[in-house]
Amino acid sequence: MKSTNADKLVILDFETTGLSPLQGDRAIEIGAVKIEQGKIHSRFQALMNPGRPINAFIENYTGISNQMLRTAQSNEVVMQDFADFIEDHHLIAHNASFDQKFLDAELSLINRNYNGEFGCSLLLSRRLYQDAPNHKLGTLVRYKNIAADGNYHRALFDAEMTTQLWLAMLDDIKIKTGLTEVPFSLVKKLSKTPKAQIDKLLSEQ
DNA sequence: TGCCAGGCCCTCTTTAGGGCCTT
């Protein structure tokens, strides 16, 4: 496995036909923001045609219609480009277990892979923002007073909001620890630490 | 036949159940 650079992240979000690739669900849109040295480097957004119609719930939930997907490139073509975009960066998503299983499923169909590890903004936010009303992406964006002008449940907008939330959480970790940079290893450790022990762990940095 | 996600996390827990998150 090639080494990965903790300063290089890809924050991603999938829109899909449903909740489980094991039940036959497929990706229909990918949006992603590439971060290098703490700043936005580039973006990736593409609809993809899974080869069959999506249901009315998904059309209403995402605003992505069957008409829009009819002219989109296939999942195989889009995911080849996205695999190139990821390079060897670490990957971030809100409720990463969801996006990871779709990324793994789509890439396995085209015999591609990635080297980075996943970080989860949901797991981290549950520890850092224990007073938040809940830990849905939109709620956390409001909780942190992050400017939001777009449509939730579209892939690039959700990836943009997750990016801003992630950067805000890194800033809050820096304030609480005095660190000037937050190692990815610390993020992973925080994300697995019991909530009651978070303040102690931060104070020990 | 009937059912159908799954990982995380809390608690009236651990021989389990249910809410939270993602589409």
Side-chain angles (χ1 to χ4, degrees), chain A residues 9-33 44-69 72 75 78-79 82 90-109 117-144 146 148 150-166 168-169 187-201:
Chain A
L9 303 172
V10 168
I11 293 93
L12 64 101
D13 183 73
F14 278 107
E15 303 307 317
T16 70
T17 64
L19 291 170
S20 174
L22 291 177
Q23 301 293 316
D25 289 316
R26 298 293 304 272
I28 57 173
E29 187 181 40
I30 177 67
V33 178
F44 187 103
Q45 185 277 328
L47 292 168
M48 55 190 119
N49 186 338
R52 53 185 159 80
I54 58 174
N55 64 37
F57 173 81
I58 295 298
E59 282 192 310
N60 289 328
Y61 187 78
T62 64
I64 297 168
S65 66
N66 281 296
Q67 176 70 31
M68 293 162 67
L69 294 178
N75 288 43
V78 170
M79 291 306 298
F82 187 61
H90 287 314
L91 300 156
I92 307 295
H94 198 67
N95 197 13
S97 65
F98 175 85
D99 293 280
Q100 182 174 9
K101 66 187 179 184
F102 275 97
L103 181 64
D104 290 352
E106 293 291 346
L107 290 184
S108 73
L109 292 172
E117 294 180 40
F118 261 91
C120 179
S121 55
L122 171 63
L123 294 182
L124 190 57
S125 72
R126 279 177 173 161
R127 288 159 174 82
L128 294 181
Y129 307 139
Q130 297 183 29
D131 293 338
N134 60 56
H135 296 84
K136 295 177 183 176
L137 179 59
T139 302
L140 291 166
V141 165
R142 287 191 295 276
Y143 181 77
K144 293 302 295 177
I146 293 167
N151 296 320
Y152 284 106
H153 309 306
R154 285 301 301 269
L156 183 57
F157 184 74
D158 282 4
E160 297 271 11
M161 292 300 97
T162 303
T163 299
Q164 296 305 318
L165 173 63
W166 189 260
M169 290 195 291
V187 170
K188 297 281 283 186
K189 187 174 182 180
L190 284 166
S191 298
K192 293 188 291 188
T193 298
K195 291 177 184 176
Q197 298 173 23
I198 287 295
D199 287 343
K200 181 171 182 289
L201 176 57

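We name chains A, B, ... by the order of the sequence lines, and we start the count at 1 in each one.
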Can you tell me, in whole Å, how much space there is between the [atom1] of [N] and that of [M]?
N: B:dC20; M: B:dT15; atom1: C1'; answer: 25 Å
N: B:dT14; M: B:dC9; atom1: C1'; answer: 14 Å
N: B:dC4; M: B:dG17; atom1: P; answer: 15 Å
N: B:dG18; M: B:dC12; atom1: C1'; answer: 12 Å
N: B:dT13; M: B:dG19; atom1: C1'; answer: 15 Å

Heavy atoms of A:F14 and A:M48 approach each other most closely as CE2-CE, 4.2 Å
For A:A159 and A:I11, the nearest pair of non-hydrogen atoms, with its separation, is O-CG2, 3.6 Å
Can you check the [X] [atom1] to [N] [atom2] distance for me, whole Å?
X: A:L123; N: B:dG6; atom1: CG; atom2: P; value: 18 Å
X: A:K195; N: B:dT11; atom1: NZ; atom2: C1'; value: 12 Å
X: A:L190; N: B:dC8; atom1: CG; atom2: P; value: 16 Å

Do we see a donor-acceptor contact under 3.5 Å between the side chains of A:T17 and A:D25? yes
Per nearest nucleotide of DNA chain B, the residue lying toward the 5' end, A:K192 or A:Q23, is A:Q23
Taken in chain and number order and not counting sequence neighbours, the residues that satisfy salt bridge (charged side-chain N to carboxylate O under 4.0 Å, His left out) with A:K200 are A:E204
Polar atom pairs between nucleotides 21-23 of chain B and protein, under 3.5 Å, N or O only, would you list them?
{"residue": "B:dC21", "atom": "OP1", "partner": "A:H135", "partner atom": "N", "Å": "2.5"}
{"residue": "B:dC21", "atom": "OP1", "partner": "A:H135", "partner atom": "ND1", "Å": "3.3"}
{"residue": "B:dC21", "atom": "O2", "partner": "A:N95", "partner atom": "ND2", "Å": "2.9"}
{"residue": "B:dT22", "atom": "OP1", "partner": "A:L137", "partner atom": "N", "Å": "3.0"}
{"residue": "B:dT22", "atom": "O4'", "partner": "A:N95", "partner atom": "ND2", "Å": "2.9"}
{"residue": "B:dT23", "atom": "OP1", "partner": "A:D158", "partner atom": "OD2", "Å": "3.3"}
{"residue": "B:dT23", "atom": "OP2", "partner": "A:Y61", "partner atom": "OH", "Å": "3.1"}
{"residue": "B:dT23", "atom": "O3'", "partner": "A:E15", "partner atom": "OE1", "Å": "2.6"}
{"residue": "B:dT23", "atom": "O3'", "partner": "A:T16", "partner atom": "N", "Å": "3.0"}

The side-chain contact (heavy atoms from CB on, under 4.5 Å) partner of A:L12 among A:F44, A:F102, A:F118 is A:F118
When A:E160, A:E29, A:E15 are each screened for salt bridge (Lys or Arg N to Asp or Glu O under 4.0 Å) with A:R154, the one that passes is A:E29
